[in-house]
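Single-structure report; data block below.
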Amino acid sequence: MERDVDADAPAPRGAHDVPLLDEPWRIVVPTSLPAPERIDDLAGLMWVGPQAGSAADRALGRLAAQLGTAFETRHAYNDFDTAISLVAAGQGVAMLPALALQQEIPDSVAVVALPGLGSRRMVVRHRQNRHEPGPAVGAVVDEMVAAAREIDLG
């Protein structure tokens, strides 16, 4: 599961979230626009909107509330590759997690790290009670945690 660390609630009763990866949010802008230098520079920009209910949607809503504005969106995306393509085509700016930007980014796109954007947390959720998690679930969770430790976001 993905969560916006600064906006999402803890796991519901009977479930347990195990953090896998915290990754910073980044702003992705077409190089035809000046790169934002502060969070305040993001107000008034045209945005490529994330899928409703996603961690990116909650993070963008949190950011808009922090700035005391509503972001205008031109398009919505369901996957990060589409968001990058829309930004490359000059259709707006986007806020994406660092892991989504590990691929080769088009020359017409700039990735900007700004303090105060927060981070996306990837978690694995499992049932938790007297009998859960069982050995199989515990083994899978352990493997997922080990694999996440190997990811380099640098």
Side-chain angles (χ1 to χ4, degrees), residues 1-29 36 38-40 42-43 45 47-88 91-106 109-154:
M1 299 179 61
E2 64 169 8
R3 304 172 71 191
D4 176 45
V5 171
D6 297 328
D8 285 345
R13 181 181 164 104
H16 179 68
D17 286 349
V18 177
L20 296 175
L21 182 67
D22 283 350
E23 56 183 318
W25 292 108
R26 301 285 189 234
I27 301 299
V28 183
V29 300
R38 304 171 319 184
I39 287 184
D40 292 350
L42 302 175
L45 295 176
W47 288 82
V48 175
Q51 179 178 6
S54 66
D57 181 49
R58 291 185 295 276
L60 195 59
R62 173 183 47 77
L63 182 60
Q66 179 182 337
L67 292 172
T69 189
F71 291 139
E72 184 179 350
T73 58
R74 177 174 290 152
H75 299 284
Y77 63 86
N78 290 325
D79 66 75
F80 300 130
D81 290 337
T82 301
I84 293 167
S85 295
L86 287 166
V87 171
Q91 296 299 302
V93 301
M95 188 161 80
L96 302 176
L99 192 59
L101 302 167
Q102 296 294 303
Q103 62 182 308
E104 188 171 325
I105 301 297
V109 172
V111 178
V112 181
L114 293 174
L117 292 177
S119 60
R120 177 175 84 152
R121 175 170 287 167
M122 302 297 291
V123 300
V124 59
R125 179 173 287 173
H126 62 80
R127 290 184 296 197
Q128 184 164 355
N129 58 39
R130 290 189 341 234
H131 307 290
E132 297 284 346
V137 171
V140 170
V141 169
D142 289 346
E143 286 298 317
M144 292 175 76
V145 169
R149 282 189 195 125
E150 300 296 318
I151 296 173
D152 179 16
L153 295 173

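Predicted model, so just to flag it, every value in this text is computed and none were measured.
- Counting only heavy atoms from C-beta outward, the side chains of V123 and V18 never approach each other to under 4.5 Å.
- The two residues G138 and P133 have their closest heavy-atom pair at N-CB, 4.4 Å.
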Counting only pairs under 3.5 Å, give me each side-chain donor-acceptor contact of residues 48-56, with atom names and distances, residues two or more places apart or in other chains.
| from | atom 1 | to | atom 2 | distance (Å) |
| --- | --- | --- | --- | --- |
| S54 | OG | Q51 | O | 2.8 |
| S54 | OG | D57 | N | 3.1 |

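- The minimum heavy-atom distance linking D152 with Q102 is given by the pair O-OE1, 3.3 Å.
- The CG atom of L114 lies 6.0 Å from the CG atom of L42; values are rounded to the nearest 0.5 Å.
- Annotation: R127, atom CZ; neighbour count of heavy atoms from other residues, nucleotides and ligands within 6.0 Å does not exceed 12.
- Remark: L20 CG to R121 CZ distance equals 10.0 Å, nearest 0.5 Å.
- Every residue two or more places apart in sequence or in another chain that forms a ring pair (Phe, Tyr, Trp, His ring centres under 6.0 Å) with W47 is listed here: F71.
- Considering every non-hydrogen atom in both L101 and I105, the closest pair reads CD2-CD1, 3.9 Å.
- From R74, atom CZ reaches atom CG of L86 across 10.0 Å, with rounding to the nearest 0.5 Å.
- Not counting sequence neighbours, the partners of Q103 by the side chain to side chain donor-acceptor pair (under 3.5 Å) test are D81.
- The closest side-chain heavy-atom distance from R26 to L96 is not below 4.5 Å.
- Of the possible polar contacts, one joining the R62 side chain to the L117 backbone as a donor-acceptor pair under 3.5 Å is found.
- Considering all non-hydrogen atoms of both residues, A148 and L21 come closest at O-CD1, 4.3 Å.
- Taking all atoms of both residues into account, the shortest heavy-atom contact from R58 to E2 is NH2-O, 3.5 Å.
- Counting heavy atoms from C-beta outward, R125 and P12 have side chains that approach closer than 4.5 Å.
- In this structure, Y77 and S85 have side chains that are not in contact, with every pair of non-hydrogen atoms separated by 4.5 Å or more.
- With hydrogens and angles ignored, the 3.5 Å screen pairs a side-chain donor or acceptor of E23 with a backbone N or O of L99.
- When every heavy atom of T69 is checked against every heavy atom of A43, the shortest pair comes out as CG2-CB, 4.4 Å.
- In this structure, CD on Q91 lies 12.0 Å from OG1 on T73, to the nearest 0.5 angstrom.
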